[in-house]
Each structure stands twice: as structure tokens, then as C-alpha cells.
Amino acid sequence: RKGMKENRIISSALIAVGILCLGWFIKAGIDNFANKDRRVTVKGLAEREVPADKVTWSIGTKVTGNDLPMLYEIINIQTDKIKKFLRQNGLEEKAWTRAPPSISDLEAREWGDNSKNFRYIVTTTITVATSKVTEVNKAIFKQAELLKQGVAIENSHSDYEYASFQQMKPEMMAEAIKNAQKTAEQFAESSQSELGQIQTAGQGQFEIEDRDQNTPYIKKLRVVTTLVYSLKD
């Protein structure tokens, strides 16, 4: 009987310990379930204003008349004046390309305007592609000098780029992530939680745009990244 009593005591103790362990596991499971969806989504922003480091400037000229050989001569003279103007403004020949002259014969058009007092329109374009953005800007502001020399500019258009963007991406991405982490830490502190590990990280969205319509040669870089952190009590 004494042995049976001892066995019952041991069995009861084992059952009690099992119940305690089961309760602990249940509590841990409940806590884990309650905390597994505790997370915060934050966005981080990084911005820069940088000068464009590449420009493409197109200068189109046009002459009209009835004597085609003479028109070719005139447009070549105008092209030579443009080239001289570019040299004077520090833009070397290796940065130029000239499109072949384009001819429009108004009499060959079925829908042509017969009231025109000329038959041919000859156009050509010189394109400058260079990293000398400052020199191009100065030349653009001085291109009225070409008009004084009798150069008929049909259109003048410039496109600015920031070609060094790829080198800026890692630095800006790191800054955006750092800013996102600061926001997450502030949220965790306000909610009396502890910031956990990153659960997911969205690839940063990079944008390049003109700072404003009047200064296309100044670019605004922007990256936004989205991070999801876990939160712990």
C-alpha cells in the first residue's frame, strides 16, 4: 500500500508538471499568435538637387526659294556660321553632328499651297551632345547673334540629363532606408514596443525631374522606399 501511495503521489506530481508545461506552451503560443501580426509599414524619402551633367542641343535652320543649288549654298553658309559660333563658345567639333539637308518640294505636294512664291524648303539640323552644360547654356542665351548674321533658326531645342544617376543610387537608397528606420523607431517608441527585424523591403522608386520649368538644367532626384518591420513587446 505504501508503494501504491508513493506511485500515486509521483503520478499526481507528473500530471501537475504536465499541466504547468501545457499552460506555459499555450500562453507562449497565444503570445506568439498575438504578436505575429504586429508590424509597422513605413516609407523613407531621400532627395537631391543636382546640376545636369549632359545636354543635347539641336539647332535647326531653314531656307526657301526656287533655285535649289543656290539654296544648298546658302544653307551651307549658314551651317558654317553656326559652327563658328559654337567654337567661339567653347564647344568643340567632336561634340557636333549635322543631319543631311532635307528638301521639301511644294509643287510635288497634292495638297500644296500654290500661293507660295517659292517652291523649295531646305532644312538641316546641327546637334550638340556634350557634358559642357554651362557652355551650352551661355550659347543658348547668345544665339540671337546668329539671327543678326542672317541665320534663319527654325527651331532650337535642348534636353538636359543627369547621366551620373547610377552612381548616386546606392547613397540615396541608404539614406531613404535610414529615414524609414527612424520613422519606425519613433512609432515603436510611441506604441511602447520594441522594433524587430525587417519583414519586407520594397525596391525604392527613383524619379528624376526638372526642378522647375525655368531651370531644366537643374534636376531633382527622389527615391522612396517602403519597409515593413515587426514589433515586439
Side-chain angles (χ1 to χ4, degrees), residues 48-169 205-222:
R48 296 278 193 285
E49 282 190 5
V50 295
D53 56 8
K54 183 179 179 181
V55 59
T56 303
W57 179 27
S58 298
I59 312 166
T61 58
K62 178 178 73 172
V63 292
T64 60
N66 296 310
D67 189 332
L68 197 54
M70 182 177 291
L71 293 179
Y72 267 110
E73 184 177 343
I74 293 172
I75 205 161
N76 284 331
I77 291 172
Q78 291 194 352
T79 299
D80 288 340
K81 290 180 179 179
I82 293 173
K83 290 179 178 180
K84 182 179 179 181
F85 172 78
L86 294 175
R87 289 191 201 95
Q88 290 173 341
N89 284 276
L91 300 169
E92 64 279 0
E93 290 189 40
K94 64 181 181 180
W96 315 339
T97 55
R98 179 191 176 186
S102 173
I103 305 168
S104 295
D105 186 348
L106 300 184
E107 291 187 6
R109 299 177 179 176
E110 294 181 2
W111 45 270
D113 185 356
N114 295 327
S115 64
K116 296 286 187 182
N117 57 1
F118 55 85
R119 177 177 176 178
Y120 299 108
I121 301 174
V122 180
T123 60
T124 190
T125 301
I126 291 180
T127 302
V128 181
T130 180
S131 60
K132 292 186 174 182
V133 177
T134 301
E135 286 81 351
V136 168
N137 286 344
K138 290 179 180 178
I140 289 173
F141 284 113
K142 294 165 61 177
Q143 63 184 320
E145 295 177 6
L146 291 170
L147 298 176
K148 294 178 182 178
Q149 298 176 38
V151 178
I153 298 177
E154 183 183 21
N155 60 71
S156 175
H157 179 74
S158 55
D159 285 317
Y160 296 87
E161 302 175 45
Y162 184 63
S164 302
F165 174 60
Q166 293 296 330
Q167 289 140 2
M168 290 284 291
K169 287 178 71 173
Q205 297 179 343
F206 286 86
E207 298 177 357
I208 304 178
E209 56 187 17
D210 297 343
R211 185 182 67 178
D212 56 71
Q213 61 181 0
N214 297 317
T215 55
Y217 44 85
I218 299 178
K219 298 298 181 181
K220 187 173 184 179
L221 312 183
R222 189 171 187 267

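What you see below is based on every heavy atom in this structure, not just the backbone, and it leaves out hydrogens, waters and symmetry mates.
- Listed for the Ser131 side chain is no donor-acceptor partner under 3.5 Å among the backbone atoms of Asp53.
- Take Asn76 and apply the side chain to side chain contact (heavy atoms under 4.5 Å, CB included) test, not counting sequence neighbours, and it matches Arg98.
- Taking the charged nitrogens against the carboxylate oxygens, Asp210 and Lys220 have no contact shorter than 4.0 Å, which rules out a salt bridge.
- Under the salt bridge (charged side-chain N to carboxylate O under 4.0 Å, His left out) criterion, no residue pair touches residues 141-161, with sequence neighbours excluded.
- You'll find the side chain of Thr61 stays beyond 4.5 Å of the side chain of Leu146, heavy atoms only.
- Listed by chain and residue number, Trp57, Gln143 satisfy the side chain to side chain donor-acceptor pair (under 3.5 Å) test with Ser156 (two or more places apart in sequence, or in another chain).
- With sequence neighbours left out, the side chain to side chain donor-acceptor pair (under 3.5 Å) criterion links Asp80 to no other residue.
- Within the 4.5 Å cutoff, no side-chain heavy atoms of Leu221 are placed close to those of Phe206.
- Residues that satisfy the salt bridge (Lys or Arg N to Asp or Glu O under 4.0 Å) test with Lys169, not counting sequence neighbours, are absent from this structure.
- Asp212 meets the side chain to side chain donor-acceptor pair (under 3.5 Å) test with Thr215; sequence neighbours excluded.
- Screening residues 125-160 for ring pair (Phe, Tyr, Trp, His ring centres under 6.0 Å), with sequence neighbours left out, gives Tyr160-Tyr217.
- Annotation for Gly90 and Glu135: closest pair O-CG, 4.4 Å, computed over non-hydrogen atoms.
- For Asp67, the salt bridge (Lys or Arg N to Asp or Glu O under 4.0 Å) criterion is met by no residue, not counting sequence neighbours.
- Among residues two or more places apart in sequence or in another chain, the side chain to side chain contact (heavy atoms under 4.5 Å, CB included) test is passed with Thr134 by Lys138.
- Identified under the ring pair (Phe, Tyr, Trp, His ring centres under 6.0 Å) test for residues 66-101, with sequence neighbours left out: none.
- One distance of note links CD1 of Ile77 with CD of Gln149; it measures 12.5 Å at 0.5 Å rounding.
- With sequence neighbours left out, the side chain to side chain donor-acceptor pair (under 3.5 Å) criterion links Lys62 to no other residue.
- Using a 4.5 Å heavy-atom cutoff, the side chains of Val136 and Ile140 are in contact.
- The side-chain heavy atoms of Ile103 and Leu71, taken from C-beta on, include no pair separated by under 4.5 Å.
- Sorted by first and then second residue, the salt bridge (charged side-chain N to carboxylate O under 4.0 Å, His left out) pairs with a member in residues 88-97 read Arg87-Glu93, Glu92-Lys132; sequence neighbours excluded.
- In this structure, Arg119 and Asn66 have side chains that are in contact, with non-hydrogen atoms separated by less than 4.5 Å.
- Using a 4.5 Å heavy-atom threshold, the side chains of Met168 and Tyr162 count as touching.
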